[in-house]
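Here is the structure we will look at.
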Amino acid sequence: MKKIIYSIIAITITMSSFAQEAADKKVQAGLVVGAGLAIQKMGTKNLANDGGNDLTVGANVNFSLSETIGFCTGLEFDFETLKYTAPGANGTNVYYYFNDTEILRSQNVDLGSDVTDLFQLTERKQKIVYLTLPTMLTFRTKFFGYFRYFGKFGLRNSFLLKSHVDDAGFTFDSNSILGVATPGVNENMVIKNETIFFKSAFGLCGGAEWNFSGSTSLIAELGYYYGFTQLYWKNDGTVAQIDRKTTLFSSGDNNGSGNDIHFSNRATQSQVMLKISILF
C-alpha cells in the first residue's frame with residue numbers, strides 16, 4: 001500500500017515538473033473558437049423569440065497576475081443568428097414598408113410611391129456580426145500533472161459591425177394595401193439605426209487547461225453570459241408624431257390602413273457558450 005502511495009506521489013511530482021513551463025509563463029496568447037445558444041428575453045408582445053446561435057472566432061491573451069490568478073482579454077468576432085416570429089404573444093399582425101432591400105422608417109414612408117411596398121412579417125432571421133472584447137478575471141488551481149482547472153467571471157463587451165435580416169411573410173404590392181397578399185421572402189434586408197452599436201454581458205464560466213507540450217496548452221470552458229443591455233433602440237411613436245423612427249407597426253385586421261401602432265423590437269440577450277482555445 002505504501003509503495004502504491006509513494007508511486008502515485010512520485011508520478012504526480014514528475015508530471016507537475018513537465019507542466020512547470022506553462023505555469024511559469026506570465027503571458028499566454030493564442031486562438032479561440034466557440035459556439036453556443038443565444039436566448040433573447042423579449043420586451044415586446046408583438047414579436048416572439050424563436051431561438052438563436054453564436055459562432056465565435058478570435059484571439060485571447062491570458063496574463064498571469066499570480067500562480068492562481070489571471071486576467072483574460074482579447075479580440076473575438078461573434079457571428080450571431082437571431083430568430084423571431086410574428087405575431088407574438090398578443091396575436092396582432094406585424095407589418096413594415098420597404099423599398100428594394102431597405103426597410104423604411106415610418107417617417108420616410110411615401111405611400112404614393114410606386115416602389116414602396118407593404119410586407120406582413122411572420123418570421124425574421126437576423127444575422128449580426130460583433131467585435132467582442134472580453135475582460136475576465138481567472139481563478140485557477142495549481143497544476144495537477146498536466147491539468148489545472150479554473151473559474152472566470154467578468155464582462156464581454158461587443159461592438160456592432162454588420163447586420164441584416166431575412167424575412168418571411170406576405171407582400172402587398174405598392175398602392176394595393178387592401179389587396180390580396182402574396183407569400184414572399186425578403187432576403188438581405190437592411191434596417192438603418194435599429195440595432196444598438198454596443199452590448200454588454202456579465203459572464204461566469206469554468207473549465208480546464210491541458211498543458212500537452214512545453215508551454216502550449218489546450219483550454220476548454222463552458223460559460224453563461226447574462227446580457228443586461230438592450231439589443232435595439234426604443235423609438236416607439238404614434239401616428240400623430242412626425243419624428244417616427246420605427247420600422248414595425250401593428251394594425252389589427254385592416255392590413256396597414258389607419259390606426260397604425262408603431263413599435264420597436266425590444267430584447268436583451270443571454271448566451272450559453274462552449275469555447276476551445278490553444279495558447280502558446
Side-chain angles (χ1 to χ4, degrees), residues 32-58 74-92 94 96 101 103 119-134 136 152 154-169 185-205 207 220-235 246-248 263-277:
V32 59
V33 295
L37 301 176
I39 307 164
Q40 285 65 249
K41 181 179 180 181
M42 305 304 297
T44 175
K45 295 182 179 180
N46 296 311
L47 297 174
N49 174 43
D50 195 30
N53 56 73
D54 188 341
L55 173 65
T56 297
V57 295
L75 289 176
E76 301 172 359
F77 291 93
D78 286 329
F79 301 88
E80 296 187 3
T81 299
L82 312 182
K83 299 178 181 179
Y84 303 99
T85 58
N90 59 7
T92 302
V94 174
Y96 64 76
T101 60
I103 296 177
F119 192 83
Q120 180 182 335
L121 180 67
T122 59
E123 297 179 5
R124 167 164 289 180
K125 180 187 296 184
Q126 183 177 14
K127 297 182 179 180
I128 314 177
V129 181
Y130 286 104
L131 176 63
T132 296
L133 175 66
M136 309 282 288
K152 286 183 180 180
L155 298 176
R156 294 187 85 237
N157 297 313
S158 300
F159 304 88
L160 178 68
L161 297 181
K162 183 180 179 182
S163 175
H164 70 269
V165 298
D166 295 332
D167 290 338
V185 176
N186 281 351
E187 296 182 332
N188 295 316
M189 302 296 289
V190 176
I191 310 175
K192 295 181 180 179
N193 301 314
E194 182 192 59
T195 305
I196 295 177
F197 173 72
F198 173 81
K199 72 169 184 175
S200 186
F202 176 80
L204 183 64
C205 56
E221 64 181 69
L222 180 65
Y224 174 75
Y225 301 90
Y226 173 77
F228 54 86
T229 59
Q230 285 288 331
L231 297 180
Y232 306 101
W233 293 107
K234 182 179 180 181
N235 293 309
T246 59
T247 59
L248 301 173
F263 69 95
S264 300
N265 191 3
R266 299 281 290 167
T268 56
Q269 182 188 78
S270 296
Q271 295 173 301
V272 178
M273 187 176 298
L274 174 65
K275 299 172 71 174
I276 304 293
S277 55

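Just so you know, these numbers use all the heavy atoms, side chains as well, and skip hydrogens, waters and symmetry mates.
- Atoms OG and OH, on Ser163 and Tyr130 in that order, are 7.5 Å from each other to the nearest 0.5 Å.
- At least one donor-acceptor pair under 3.5 Å links the side chain of Thr122 to the backbone N or O of Ala168.
- Ring planes of Phe159 and Phe197: tilted class, angle from 30 to 60°.
- Listed by chain and residue number, Thr132 satisfy the side chain to side chain donor-acceptor pair (under 3.5 Å) test with Ser158 (two or more places apart in sequence, or in another chain).
- Between Leu160 and Ile128 there is a side-chain heavy-atom pair separated by less than 4.5 Å.
- Residue-environment remark: OH (Tyr224) exceeds the threshold of 12 foreign heavy atoms within 6.0 Å.
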- Message: Working note: Glu76 + Lys275, criterion side chain to side chain contact (heavy atoms under 4.5 Å, CB included); need CA distance, chi angles, decisive distance, verdict.
- Response: CA-CA 11 Å; Glu76 301 172 359; Lys275 299 172 71 174; 2.9 Å; yes
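- The two residues Trp233 and Ile196 have their closest heavy-atom pair at N-CG1, 3.5 Å.
- Met136 approaches Cys205 most closely through the heavy-atom pair CE-SG, 4.0 Å.
- Taken from CG in Asn49 to OG1 in Thr44, the straight-line distance is 12.5 Å, to the nearest 0.5 Å.
- Taking Val190 as the reference, Lys192 meet the side-chain contact (heavy atoms from CB on, under 4.5 Å) condition, with sequence neighbours excluded.
- Here the shortest heavy-atom pairing between Thr92 and Pro87 reads O-CB, 2.9 Å.
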- Criterion side chain to side chain contact (heavy atoms under 4.5 Å, CB included) on Thr246 and Phe263, from CA distance to verdict: CA-CA 6 Å; Thr246 59; Phe263 69 95; 5.9 Å; no
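- Within the 4.5 Å cutoff, side-chain heavy atoms of Leu131 are placed close to those of Phe77.
- Between the CG atom of Leu55 and the CG atom of Asn53 there is a distance of 8.5 Å, given to the nearest 0.5 Å.
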- Task: Could you check Leu248 against Leu47 for side chain to side chain contact (heavy atoms under 4.5 Å, CB included), going step by step and ending with a plain yes or no?
- Result: CA-CA 10 Å; Leu248 301 173; Leu47 297 174; 4.0 Å; yes
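- Separation of atoms CD1 (Ile103) and CE (Met189) is listed at 4.5 Å; rounding is to 0.5 Å.
- Remark: Thr268 engages no residue in a side chain to side chain donor-acceptor pair (under 3.5 Å) (not counting sequence neighbours).
- Residues Val185 and Asp166 are not in side-chain contact: their nearest non-hydrogen atoms beyond the backbone lie 4.5 Å or more apart.
- For Thr229, the side-chain contact (heavy atoms from CB on, under 4.5 Å) partners are Lys199, Ser200, not counting sequence neighbours.
- Side chains of Gln271 and Thr56 form no contact here, defined as non-hydrogen atoms less than 4.5 Å apart.
- Between the side chains of Gln126 and Thr195, a donor-acceptor pair is found at a separation under 3.5 Å.
- Between Val57 and Phe79, some side-chain heavy-atom pair lies under the 4.5 Å cut-off.
- The heavy-atom pair separating Gln40 from Ala267 by the smallest distance is CB-CB, 4.3 Å.
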- Message: Assess the residue pair Gln230 and Arg266 against the criterion (side chain to side chain contact (heavy atoms under 4.5 Å, CB included)); give the C-alpha distance rounded to whole Å, side-chain angles, the decisive distance to 0.1 Å, and a yes or no.
- Response: CA-CA 7 Å; Gln230 285 288 331; Arg266 299 281 290 167; 3.8 Å; yes
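- You'll find the side chain of Val165 stays beyond 4.5 Å of the side chain of Tyr84, heavy atoms only.
- The number of heavy-atom neighbours closer than 6.0 Å to OH of Tyr232, taken from other residues, nucleotides and ligands shown, is above 12.
- Nearest approach of Phe119 to Gly169, heavy atoms of both residues: CZ-N, 3.4 Å.
- Listed by chain and residue number, Tyr225 satisfy the side-chain contact (heavy atoms from CB on, under 4.5 Å) test with Ala201 (two or more places apart in sequence, or in another chain).
- Of all heavy-atom pairs between Gly74 and Pro134, the closest is O-CD, 3.4 Å.
- In terms of the side-chain contact (heavy atoms from CB on, under 4.5 Å) criterion, residue partners of Leu204 (sequence neighbours excluded) are, by chain and number, Phe153.
- Interatomic distance, CG of Asp78 versus CZ of Arg156, reported as 4.5 Å (0.5 Å rounding).
- Rounded to the nearest 0.5 angstrom, Leu222 CG and Lys152 NZ are separated by 12.0 Å.
- Proximity of Asp50 to Glu123: side-chain heavy atoms (C-beta onward) are nowhere separated by under 4.5 Å.
- Taking the side chain as every heavy atom from C-beta outward, Asp167 and Tyr96 approach each other to under 4.5 Å.
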